[in-house]
Peer 1: 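First the structure, which I've put down as structure tokens, then a few questions once you've had a look.
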Amino acid sequence: MSAQLKLYNTASRAVENFKPITPGKIGIYLCGATVQAPPHIGHIRSGVNFDILRRWLIATGNDVTFIRNVTDIDDKILHKAVHEEIEWWAVAQKYERAFTEAYRALNVLPPTYEPRATGHITQMITLMQILIDNGSAYAPGNGDVYLEVRRLKSYLTLSNQKLDDLQSADDADLTNKKDPRDFALWKSAKPGEPSWPTPWGDGRPGWHLECSAMAHAYLGETFDIHGGGLDLIFPHHENEIAQSESAGWGFAKIWMHNAWVTTSGEKMSKSLGNSLQVQEILKKVRGIELRWYLGGAHYRSMLEFSFESLEESAINFRRIEGFLKRAEGVLGSNPDAVISGAFADAMNDDLAVPTGLALISESLRLGNIALAANDKEGILQSAAEIRGALSILGCDPFDPIFAADSSTNTDILDGLISLALEQRAAARARKDFAAADAIRDQIAVLGVVLEDTPQGTRWSIS
RNA sequence: GGUCGGAUGGCCGAGAGGCGAGGCUCAGGACUGCAAAUCCUGCUACACGGGUUCAAAUCCCGUUCCGACCUCCA
């Protein structure tokens with residue numbers, strides 16, 4: 001534990017001290033969505049995990065340039081377009097919006113820049129030209145362009161594999177490839193497919209080329225952190241490294257990978273149907289609660305999803321939220337967020353969010369004790385520290401992005417409920433508990449919960 | 001076949017040689033007209049077999065089971 005941020009680097013398989021290339025300025029590239037289906041909670045976990053990293057870097061005084069791409073052209077998008085009988089760009093736009101909406105609902109900060117693959121064809125062509133000129137890549141003449149992996153001095157260092165150990169695809173096309181493991185930088189267009197002109201023929205980008213080209217365009221030849229899901233290590237990130245390093249670029253210093261959300265011990269796949277789409281889950285819990293759940297596990301640990309544990313997590317969050325609201329009531333305003341030393345230590349230790357959660361629980365306990373004793377200083381301290389921690393986790397209930405939940409009718413509602421509360425208070429005063437309980441039961445049916453406290457009766461919507 | 005990860009109490013989920021993380025559930029208690037909320041107490045776990053060590057959930061060896069990747073998955 002120290003003020004020094006340590007992060008796990010997949011490339012070294014060790015936790016390392018993190019030193020920005022330029023002190024105070026940090027460049028991050030996160031592999032974003034291939035917009036061919038609505039986001040499920042696994043996709044959004046990645047967004048949340050890296051959003052926590054970003055918020056922590058900002059909170060500790062860094063200027064963070066955060067790039068998260070949108071892959072808006074690929075095989076699956078084209079297939080979907082045929083299936084749905086709409087244009088490929090309509091597919092891409094539709095699902096890009098779905099992702100944007102999911103990110104917003106979970107309070108994932110918009111990236112500094114969010115480049116689309118199709119907007120960077122020029123940069124890709126430039127990169128391919130460099131690779132062909134220096135002999136790393138070849139164009140067999142059919143419109144494809146391949147990277148020649150046998151010629152790379154170091155390849156597969158991120159996944160620690162040997163080229164000869166890889167099982168190559170059975171259907172590898174050796175009429176154009178020199179080696180079955182060579183991968184496509186550029187794919188020639190089949191009839192009816194979208195294409196862009198290049199010196200080697202009309203076609204479209206391979207899967208990996210975009211990220212190398214766009215990371216270079218926005219972050220330069222060498223940048224601090226490259227992130228993505230665990231399943232991108234091979235082939236996607238290996239191939240990004242291969243392309244970028246072959247072009248003479250230093251590329252990413254630290255590679256970070258988030259683990260999956262699993263169901264029944266298995267990685268969530270797109271064939272599971274709709275139930276685990278973000279949109280569906282948000283019918284059961286609020287965005288802030290889903291974020292609390294997804295962000296609560298350590299980013300490198302698998303998160304075994306169940307509706308039971310989601311609900312349990314949401315209950316835990318509501319306790320914290322309840323305390324903050326009560327504290328606000330007593331203090332008259334929200335205390336400014338404060339980052340405690342212990343919380344900072346936890347975050348600096350490779351983003352040990354679970355440790356941070358334990359600290360929040362401790363603050364919560366102390367805060368509730370202070371509340372019972374009307375110890376305003378104690379309330380203030382606990383509330384400030386909890387808000388500080390929640391602000392890093394992106395789960396501050398007072399964040400305006402979540403405040404839209406409460407309606408503008410609150411004042412009217414408050415007035416109406418106060419009428420009922422006055423009646424009940426009068427009944428209680430004359431010890432007519434049957435009448436008092438009847439009032440409580442009646443408004444409970446409407447979804448309004450009452451709590452009697454020494455300071456009077458509070459109400460909330462359940 | 002190669003590479004990588006996992007198995008922790010009723011459940012979820014941290015930790016990585018020595019002081020029981022934390023949460024949820026459950027049981028009991030305090031407070032309360034009753035509730036609710038809150039607080040207190042209790043439930044002593046690390047897949048299996050060996051080994052190292054004064055000390056192992058943690059390190060080593062072996063075993064079982066589960067999962068992931070191996071060229072268009074977050």
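FYI, side chains are in, hydrogens and waters are out, and symmetry mates aren't considered; it's all heavy atoms of this structure. Throughout, protein chains are lettered first and strands after them, A, B, ... in sequence-line order, and every chain is numbered starting at 1.
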Peer 1: Within this structure, what is the CD1-to-P distance between A:Ile360 and B:A21, rounded to whole angstrom?
Peer 2: 19 Å

Peer 1: Would you say the side chains of A:Asn142 and A:Ser188 form a donor-acceptor pair under 3.5 Å?
Peer 2: no

Peer 1: Return the pairing partner of B:G67 with a 3.5 Å limit on both distances, Watson-Crick or G-U wobble; otherwise return none.
Peer 2: B:C4

Peer 1: Should the side chain of A:Lys267 and the base of B:C73 be counted as holding a donor-acceptor pair, with the cut-off at 3.5 Å?
Peer 2: yes

Peer 1: Using the C1' atom as the reference point in each nucleotide, state the distance between B:U25 and B:C54 in Å, no decimals.
Peer 2: 40 Å

Peer 1: Within the structure shown, what part of the strands sits under 4.0 Å from A:Gly228 by heavy-atom distance: base, sugar-phosphate, or nothing?
Peer 2: sugar-phosphate

Peer 1: Base, sugar-phosphate, or nothing: which does A:Glu311 touch, judged by heavy atoms less than 4.0 Å apart?
Peer 2: nothing

Peer 1: Using the P atom as the reference point in each nucleotide, state the distance between B:C59 and B:G6 in Å, no decimals.
Peer 2: 10 Å

Peer 1: Measure across A:Met302 and A:Ala259 and return the closest heavy-atom pair with its distance rounded to 0.1 Å.
Peer 2: N-CB, 3.8 Å

Peer 1: Is A:Ser309 close enough to B:C11 that one of its side-chain N or O atoms is under 4.0 Å from OP1 or OP2 there?
Peer 2: no

Peer 1: Round to the nearest Å and state the distance from A:His298 atom NE2 to B:A21 atom P.
Peer 2: 18 Å

Peer 1: Do the side chains of A:Arg318 and A:Glu311 get close enough for a salt bridge, i.e. N-O under 4.0 angstrom?
Peer 2: yes

Peer 1: Round to a whole Å and report the spacing from CG of A:Leu158 to P of B:A68.
Peer 2: 20 Å

Peer 1: Tell me which nucleotide among B:C73, B:C24, B:A21 gets nearest to the side chain of A:Ala358.
Peer 2: B:A21

Peer 1: Applying the Watson-Crick and G-U wobble criteria at under 3.5 Å, what pairs with B:C54? Answer none if nothing qualifies.
Peer 2: B:G18

Peer 1: Go through the N and O atoms of the side chain of A:Asn239 and the base of B:U71, and report whether any donor-acceptor pair is under 3.5 Å.
Peer 2: yes

Peer 1: Once each nucleotide of nucleotides 28-40 of chain B is scored for protein heavy atoms under 4.0 Å, what B/S/- sequence comes out, 5' to 3'?
Peer 2: -----BBBBSSSS

Peer 1: Can you tell me how far P of B:A74 sits from NE2 of A:His236, to the nearest Å?
Peer 2: 9 Å

Peer 1: Nearest heavy atom decides the nucleotide; on that basis, is A:Ile41 or A:Arg13 closer to the 5' end of RNA chain B?
Peer 2: A:Arg13

Peer 1: To the nearest Å, how far apart are A:Glu96 CD and B:A74 P?
Peer 2: 15 Å

Peer 1: Could you check whether A:Lys162 pairs with A:Asp164 (Lys NZ or Arg NE/NH1/NH2 to Asp/Glu carboxylate O, under 4.0 Å)?
Peer 2: no

Peer 1: Verify whether one side chain among A:Asp144 and A:Tyr138 offers a donor that lies under 3.5 Å from an acceptor in the other.
Peer 2: no

Peer 1: Scan A:His257 against the nucleic acid and name what it touches under 4.0 Å (heavy atoms): base, sugar-phosphate only, or nothing.
Peer 2: nothing

Peer 1: For the side chain of A:Asp231, counting heavy atoms from C-beta on, which of B:C69, B:G13, B:C70 is nearest?
Peer 2: B:C69

Peer 1: Between B:G62 and B:C73, how far apart are the two C1' atoms, rounded to whole Å?
Peer 2: 35 Å

Peer 1: Which nucleotide wins on minimum distance to the side chain of A:Leu166, given the candidates B:A74, B:A14, B:U71?
Peer 2: B:U71

Peer 1: According to the Watson-Crick and G-U wobble definitions, with both distances under 3.5 Å, which nucleotide is paired to B:C43?
Peer 2: none

Peer 1: Answer with base, sugar-phosphate or nothing: what part of the nucleic acid does A:Val149 contact at a heavy-atom distance below 4.0 Å?
Peer 2: nothing

Peer 1: Can you tell whether the side chains of A:Arg424 and A:Asp452 come within less than 4.0 Å, N to carboxylate O?
Peer 2: yes

Peer 1: Could you tell me whether the phosphate oxygens of B:C4, OP1 or OP2, come under 4.0 Å of any side-chain nitrogen or oxygen in A:Asn160?
Peer 2: yes

Peer 1: Could you measure between the two P atoms, the one in B:U52 and the one in B:A57, and give it in whole Å?
Peer 2: 16 Å

Peer 1: Using the salt bridge (Lys or Arg N to Asp or Glu O under 4.0 Å) definition, which of the options A:Arg286, A:Arg387, A:Arg326 pairs with A:Glu321?
Peer 2: A:Arg286

Peer 1: Going by side-chain hydrogen bond (donor to acceptor under 3.5 Å, both in side chains), A:Arg204 matches just one of A:Thr198, A:Asp74, A:Asp75. Which one?
Peer 2: A:Asp75

Peer 1: Have a look at A:Phe99 and say if it touches a base, only the backbone sugar-phosphate, or nothing, with a 4.0 Å heavy-atom cut-off.
Peer 2: nothing

Peer 1: Sticking with atom C1', work out how far B:G15 lies from B:C46, rounded to a whole angstrom.
Peer 2: 11 Å

Peer 1: Indicate yes or no: does A:Arg104 engage A:Glu101 in a salt bridge with an N to O separation below 4.0 Å.
Peer 2: yes

Peer 1: If you check the A:Lys177 side chain, which of B:U71, B:G13, B:A74 turns out closest?
Peer 2: B:U71

Peer 1: Taking atom C1' in both B:A7 and B:G49, compute the distance separating them and give it to the nearest angstrom.
Peer 2: 16 Å

Peer 1: Please give the nucleotide sitting opposite B:C11 as a Watson-Crick or G-U wobble pair, both distances under 3.5 Å, or none.
Peer 2: B:G23

Peer 1: Between P on B:A14 and CG on A:Leu351, what's the gap in Å once rounded to a whole number?
Peer 2: 14 Å

Peer 1: To the side chain of A:Pro354, which of B:G6, B:A21, B:G2 is closest?
Peer 2: B:A21

Peer 1: Quickly work out the A:Leu359 CG to B:A14 P distance and round it to whole Å.
Peer 2: 15 Å

Peer 1: Check every atom of B:C24, B:G2, B:C73 against the side chain of A:Glu312 and return the nucleotide holding the closest atom.
Peer 2: B:C24

Peer 1: Taking only the P atom of each, what is the distance from B:G10 to B:G2 in whole angstrom?
Peer 2: 38 Å

Peer 1: Could you give the distance separating B:G22 and B:U71 at their P atoms, to the nearest angstrom?
Peer 2: 45 Å

Peer 1: Using both distances under 3.5 Å as the test, list the Watson-Crick or G-U wobble partner of B:A37, or none.
Peer 2: none

Peer 1: Over all strands shown, is A:Asp74 touching base, sugar-phosphate only, or nothing at heavy-atom distances under 4.0 angstrom?
Peer 2: base

Peer 1: In whole angstroms, how far is the C1' atom of B:A74 from the CG atom of A:Leu30?
Peer 2: 9 Å

Peer 1: Answer yes or no: is there an ion pair linking A:Arg428 with A:Asp437, defined by an N-O contact shorter than 4.0 Å?
Peer 2: no

Peer 1: Would you indicate what A:Ser301 reaches in the nucleic acid, counting non-hydrogen atoms under 4.0 angstrom: base, sugar-phosphate, or nothing?
Peer 2: sugar-phosphate

Peer 1: Mind checking whether A:His237 and A:Trp255 have parallel, tilted or perpendicular rings, split at 30° and 60°?
Peer 2: tilted

Peer 1: Pairing check on B:C48: which nucleotide meets the Watson-Crick or G-U wobble criteria with it, both distances under 3.5 Å?
Peer 2: B:G62

